[in-house]
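Both backbone and side-chain heavy atoms feed into the values below; hydrogens, waters and symmetry mates do not. Positions are given from 1 along the sequence.
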Amino acid sequence: MRAGRSGSAVVVAATLALGAFTVPPAEAASTGIKVWNMAMTDKGKSIIVGTTADVMPEFTYNVRWPSGSKWSERDAWPYLYHGTTAAKAFTSGDNYVPSMVTYYDDGTCDGAMFIQPRQALRSNSDATTWKIAIMTRIWEKGGGHPKSTEYQTGFGTVRVKRAAKVTVNASPEPVVKGKKLTVTGRITRADWVKHAYTGFAGRSARLQFRKAGTSTYTNVRTVKASSTGALKTTVTAAGDGYWRWTFGETDTTGGATAAGDYVDVK
């Protein structure tokens, strides 16, 4: 596939990057390819991944190719890895996230990491800090066999976290003013082993209330989830409005906020 700013950009798909595992190994040697300005588009933000949907965080970088080299004779693939070396991650496919890349004539490149939960994330311990590397490779003229390969590192890190959800239910509805209102909910998070959302035991969440006709939620109290992720508390009904649970990110898990549950107070 060819398209781009000046008609000769090359798109390298994630499936091609994965296919690199099957080519004959190249001796680790300087490729003469210089890469710089590698940056994730959402720099500083965690990458939140659920159980089924692919996640594609975008990036940009610059590359300088060896003089006289052709498109078919050179590669520069960014990828994520953790818990091993950059070379082992790329060649084995373990603890590895590939990318899709577009190379442009002016030396700029852009693309996206390609995170498939059921392939890249095989353990909940994958919710950790991942390093950014770029595999650069020179192929023999005409392609076919790699001539030299480098696994360039030092491009920073990203935090990959498990997606979380929280529900809310306030009852009874409607409720008499001054009577008790019970607010329940459940916190769950992605389990990358079971491929399902399971209870987030012991996580604290804030109960918030927004009075009807206003746009701002106020904190009411903090409640700690049970061993199954269940939340429950009782409040006094004072007026019409919306109730919700919310909590922020942890080192391993993203935050979540429930949609407000409206209660009519009579």
Side chain to side chain contact (heavy atoms under 4.5 Å, CB included) evaluation trace for F59 with I132: CA-CA 11 Å; F59 57 76; I132 303 169; over 6 Å; no
From CA spacing to verdict: side chain to side chain contact (heavy atoms under 4.5 Å, CB included), M135, R137: CA-CA 7 Å; M135 186 285 297; R137 176 170 285 168; 3.5 Å; yes
Evaluation steps, side chain to side chain contact (heavy atoms under 4.5 Å, CB included), between I47 and V55: CA-CA 8 Å; I47 300 172; V55 178; 3.9 Å; yes
Residues D251, R159; criterion side chain to side chain contact (heavy atoms under 4.5 Å, CB included); working and verdict: CA-CA 8 Å; D251 286 344; R159 192 80 184 182; 3.7 Å; yes
Derivation of the ring pair (Phe, Tyr, Trp, His ring centres under 6.0 Å) call for Y81 and Y96: CA-CA 5 Å; Y81 73 100; Y96 166 87; 9.2 Å; no
Full working for side-chain hydrogen bond (donor to acceptor under 3.5 Å, both in side chains) between T233 and R221: CA-CA 9 Å; T233 191; R221 68 183 55 151; 2.7 Å; yes
Residue pair S226, T228: steps toward the side-chain hydrogen bond (donor to acceptor under 3.5 Å, both in side chains) verdict: CA-CA 5 Å; S226 72; T228 62; 3.1 Å; yes
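We find the OG1-NZ distance between T136 and K34 to be 12.0 Å, quoted to the nearest 0.5 Å. Taken from CG in N37 to OG1 in T60, the straight-line distance is 7.5 Å, to the nearest 0.5 Å. In this structure, I115 CD1 and M56 CE are separated by 10.0 Å, a value rounded to the nearest 0.5 Å. Distance OG1/T198 to CG/D191: 4.5 Å, rounded to 0.5 Å. For the atom pair CD (E73) and OG1 (T31), the distance works out to 13.5 Å, reported to the nearest 0.5 Å. Distance check, rounded to the nearest 0.5 Å: CG of D54 to CZ of R118 gives 11.0 Å.
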Donor-acceptor contacts under 3.5 Å from residues 161-181 side chains, at least two apart:
unit_1, atom_1, unit_2, atom_2, d
K161, NZ, S46, OG, 3.4
K161, NZ, E249, OE1, 2.7
K161, NZ, T250, O, 2.7
R162, NE, A190, O, 2.6
R162, NH2, A190, O, 3.1
T167, OG1, R186, N, 3.0
K180, NZ, T236, OG1, 3.3

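Cluster membership for V97 and I48, using ILVMFWY side-chain heavy atoms within less than 4.5 angstrom, is not shared.
Within the 4.5 Å cutoff, the side chain of I138 has heavy atoms near those of the P66 side chain. Contact check for V63 versus W36: no side-chain heavy atoms found under the 4.5 Å cut-off. Looking at heavy atoms from C-beta onward, W139 lies out of side-chain contact with R74 at the 4.5 angstrom threshold. Residues F155 and T153 are not in side-chain contact: their nearest non-hydrogen atoms beyond the backbone lie 4.5 Å or more apart. Inter-residue side-chain proximity for V35 and N62 is flagged as unmet; no heavy-atom pair is nearer than 4.5 Å. For the pair T108/D106, a side-chain contact is recorded, criterion being any heavy-atom separation below 4.5 Å from C-beta on. With contacts defined as side-chain heavy-atom distances shorter than 4.5 Å, the pair I134/P78 qualifies.
Of the possible donor and acceptor atoms, none in the side chain of Y79 sits under 3.5 Å from a partner among the backbone N and O of M113. The backbone N or O of A76 sits less than 3.5 Å from a side-chain atom of Y61, completing a donor-acceptor pair. Checking side-chain atoms of T188 against main-chain N and O of G199 turns up no donor-acceptor pair under 3.5 Å.
A donor-acceptor pair shorter than 3.5 Å cannot be found between the side chains of N95 and W130. Side chains of R206 and T222: a donor-acceptor N/O pair is absent below 3.5 angstrom, by distance only. The closest side-chain donor-acceptor pair between T246 and Q208, if any, does not fall under 3.5 angstrom. S123 and S125 share a side-chain donor-acceptor pair at under 3.5 Å.
Comment: D94 engages R122 in a salt bridge, judged by a side-chain N to carboxylate O separation of less than 4.0 angstrom.
The two residues R203 and L231 have their closest heavy-atom pair at O-CD2, 4.4 Å. Pairing each heavy atom of D264 with each of Y262, the nearest pair is N-CE2, 4.0 Å.
Sequence neighbours left out, the pairs with a member in residues 166-215 that pass ring pair (Phe, Tyr, Trp, His ring centres under 6.0 Å) are F209-W243.
Ring-plane geometry between W71 and W65 is classed as perpendicular, the angle between the planes exceeding 60 degrees on a 0 to 90 degree scale with a lower cut at 30.
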